[in-house]
Number of protein chains: 2
Amino acid sequence: MKLTSKGRYAVMALVDLARFDNINPVSLRDISLRQGISLDYLEQIFSKLKKNHIVKSIRGNQGGYVLSKNPTDIKLTNIFHAVDEKVKTVQCKKDSKKGCNGKATKCITHNLWDELENHINSFFEKKSLEDLIQNRKENRL
Amino acid sequence: MKLTSKGRYAVMALVDLARFDNINPVSLRDISLRQGISLDYLEQIFSKLKKNHIVKSIRGNQGGYVLSKNPTDIKLTNIFHAVDEKVKTVQCKKDSKKGCNGKATKCITHNLWDELENHINSFFEKKSLEDLIQNRKENRL
DNA sequence: TCTAAACTTGACCGTTTTAGTCAGGTATGA
DNA sequence: TCATACCTGACTAAAACGGTCAAGTTTAGA
């Protein structure tokens, strides 16, 4: 049970972006250098973040990315959803005969996995980008 | 972020085992049939559970496995630990120069991942095998 | 004593996912 | 007009996953 680097990088990059986007758009190149993430990989990630309306892009020279919402309104769950970082605790397929088919004959531990999924997702729904920036500031003082 | 089938199967098998081990040891063959898990794979899993003192084996004809502790004393965290189902949210290596090396220059989101790990692990530490059996009984009534 | 049931161990392997790289673009401010 | 930066899609090496297969050892019961 582990977090993928896509999800981790997305959050890191957005925290970085949030710190610098007051004045100018931030280029992926800068984020790449500061965070040590490959530029090509960042482009993949930001393409998804853009599709999900978390960031906006400004093309051309001196271009870059800016947040498209207030950091308070960007929850972890939005970010993870954008980059396909899903929480999957069950693998019960609808057409399986053995075990759980999602209907009548639930596998004996099905409730447990549902609980676990909710437990994790509640964490993601609570945390906003703003929380992370604040947290960082506190640690810096 | 997903649960591996090893962890999932381990819990399913142990719940099954807990239900039947009052009288006789339970053979993996029976569990395999009831839960739809490959016998060979179950053997790998139970080998690990045995090494971690969660079950005991009785060899020979009419043999099988029994729990080596009271279901109340077997927490999910014990089971997952036994089958190497770890919760990994960070991949910060000690010798990395960029990003987080675990010491002075923590990556900017390090605290977040620690929080997440604790959040998930607290769930595993609370739940015992006994809880799952009870839960099952309630659903049956 | 023999045999079948059940545990034991370890090697092996196809598939999928991960974590990127690479190679081309297109848009635009200076 | 050109350097900068976004944009897109194909490609891939390596690791993890989810098992299978083979060859045992041990022991209860006939």
Side-chain angles (χ1 to χ4, degrees), chain A residues 1-10 12-13 17 20-21 24-33 35-52 55-66 68 80 83-86 88-91 93 96 98-99, chain B residues 1-10 12-13 17 20-21 24-33 35-52 54-66 68 80 83-91 93 96 98-99:
Chain A
M1 163 136 258
K2 68 183 178 209
L3 202 66
T4 66
S5 72
K6 211 161 219 160
R8 194 164 41 236
Y9 286 170
M12 287 170 67
L17 179 58
F20 289 92
D21 89 339
N24 296 313
V26 181
S27 76
L28 292 191
R29 192 159 175 284
D30 288 351
I31 298 179
S32 165
L33 290 173
Q35 303 301 328
I37 305 168
S38 132
L39 177 59
D40 286 311
Y41 203 26
L42 269 180
E43 277 170 352
Q44 279 186 40
I45 294 170
F46 272 76
S47 155
K48 297 190 180 207
L49 292 175
K50 188 187 171 186
K51 272 181 197 151
N52 285 269
V55 295
K56 279 186 286 195
S57 68
I58 291 139
R59 300 186 69 156
N61 195 352
Q62 300 300 322
Y65 286 94
V66 290
S68 64
F80 283 147
V83 297
D84 303 312
E85 175 84 57
K86 294 168 210 152
K88 270 191 165 182
T89 54
V90 275
Q91 193 62 296
K93 288 177 186 169
S96 81
K98 281 278 180 183
Chain B
M1 163 137 260
K2 67 183 179 209
L3 203 66
T4 67
S5 71
K6 212 161 221 160
R8 194 164 40 237
Y9 286 170
M12 287 170 68
L17 179 59
F20 290 92
D21 89 340
N24 297 314
V26 182
S27 75
L28 292 190
R29 193 160 175 284
D30 288 350
I31 298 179
S32 165
L33 290 172
Q35 302 300 329
I37 305 169
S38 135
L39 178 57
D40 286 312
Y41 203 26
L42 270 181
E43 280 169 349
Q44 278 184 40
I45 294 170
F46 272 76
S47 154
K48 297 188 183 211
L49 293 174
K50 189 186 170 189
K51 274 182 198 149
N52 285 268
I54 292 170
V55 295
K56 279 185 286 195
S57 68
I58 291 139
R59 300 187 67 155
N61 196 351
Q62 300 299 319
Y65 286 93
V66 290
S68 63
F80 284 146
V83 298
D84 302 312
E85 176 85 55
K86 293 167 211 152
V87 178
K88 268 191 167 184
T89 54
V90 275
Q91 193 61 296
K93 289 176 185 169
S96 81
K98 280 280 179 185

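In what follows, chains carry the letters A, B, and so on, assigned in the order in which the sequence lines appear, proteins first and then strands, with residues in each chain numbered from 1. Computed from a predicted structure; not experimentally measured.
- C/dT9 atom P lies 11 Å from atom CD of B/Glu43, rounded to whole Å.
- Taking a cutoff of 4.0 Å between a charged side-chain nitrogen and a carboxylate oxygen, A/Lys48 and A/Asp84 qualify as a salt bridge.
- Note: CG (A/Leu42) to P (C/dA19) measures 14 Å, nearest angstrom.
- No engagement by B/Val55 is indicated, since no non-hydrogen atom pair under 4.0 Å with the nucleic acid exists.
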Anything under 3.5 Å between a protein N or O and an N or O of nucleotides 18-20 of chain D, put it in a table, one pair a line.
unit_1	atom_1	unit_2	atom_2	d
D/dG18	OP2	B/Ser5	N	3.0
D/dG18	OP2	B/Ser5	OG	3.2
D/dG19	OP2	B/Tyr9	OH	3.0
D/dG19	N7	B/Gln44	NE2	3.4
D/dT20	OP2	B/Ser38	OG	2.4
D/dT20	O4	B/Gln44	NE2	2.7

Grab the N/O contacts between the protein and nucleotides 27-30 of chain C below 3.5 Å, and write none if there aren't any.
unit_1	atom_1	unit_2	atom_2	d
C/dA27	O4'	A/Arg59	NE	3.4
C/dA27	O4'	A/Arg59	NH2	3.3
C/dT28	O2	A/Asn61	N	3.4

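- Contact annotation: B/Ser47 side-chain N/O to C/dC7 OP1/OP2 distance is not under 4.0 Å.
- Side chain of A/Arg29 to backbone of A/Leu39: no donor-acceptor contact under 3.5 angstrom is found.
- Using modelled atom types, no side-chain atom of B/Ser32 and backbone atom of B/Ser38 make a donor-acceptor pair closer than 3.5 Å.
- Classification of the B/Tyr65-B/Phe46 ring pair by plane angle, with boundaries at 30° and 60°, yields tilted.
- Rounded to a whole Å, the CG atom of A/Leu49 is 14 Å from the C1' atom of D/dC7.
- A donor-acceptor contact shorter than 3.5 Å is absent between the side chain of B/Gln35 and the backbone of B/Tyr9.
- Residue A/Val26 forms a side chain to side chain contact (heavy atoms under 4.5 Å, CB included) with just one option from A/Ile58, A/Val66, A/Leu17, A/Val55, and that option is A/Leu17.
- Within 4.0 Å (heavy atoms only), A/Lys56 reaches no atom of the nucleic acid at all.
- Taking atom CD on A/Glu85 and atom P on C/dA19, their separation rounds to 9 Å, with Å as the unit.
- To the nearest angstrom, P of D/dT8 lies 13 Å from NZ of A/Lys48.
- Between B/Ser57 and C/dA6 there is no side-chain polar atom (N or O) within less than 4.0 angstrom of OP1 or OP2.
- When side chains are defined from C-beta on, B/Lys86 does not count as touching A/Lys2, because their heavy atoms never get closer than 4.5 Å.
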Worksheet item: Run the side-chain contact (heavy atoms from CB on, under 4.5 Å) check on A/Leu3 and A/Phe80 step by step: do they pass?
Response: CA-CA 10 Å; A/Leu3 202 66; A/Phe80 283 147; 4.1 Å; yes
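- The nearest whole Å value for the distance from the NZ atom in B/Lys88 to the P atom in D/dA15 is 13 Å.
- Atoms CG (B/Asp30) and C1' (C/dA6) sit 11 Å apart, rounded to a whole Å.
- Shown here for A/Lys6 and A/Gln44, the closest heavy-atom pair between the two residues is NZ-OE1, 3.6 Å.
- When rounded to the nearest whole Å, the span between CZ of A/Phe46 and P of D/dT8 equals 15 Å.
- Counting any heavy atom pair closer than 4.0 Å across all strands shown, A/Tyr65 reaches sugar-phosphate atoms only and no base atom.
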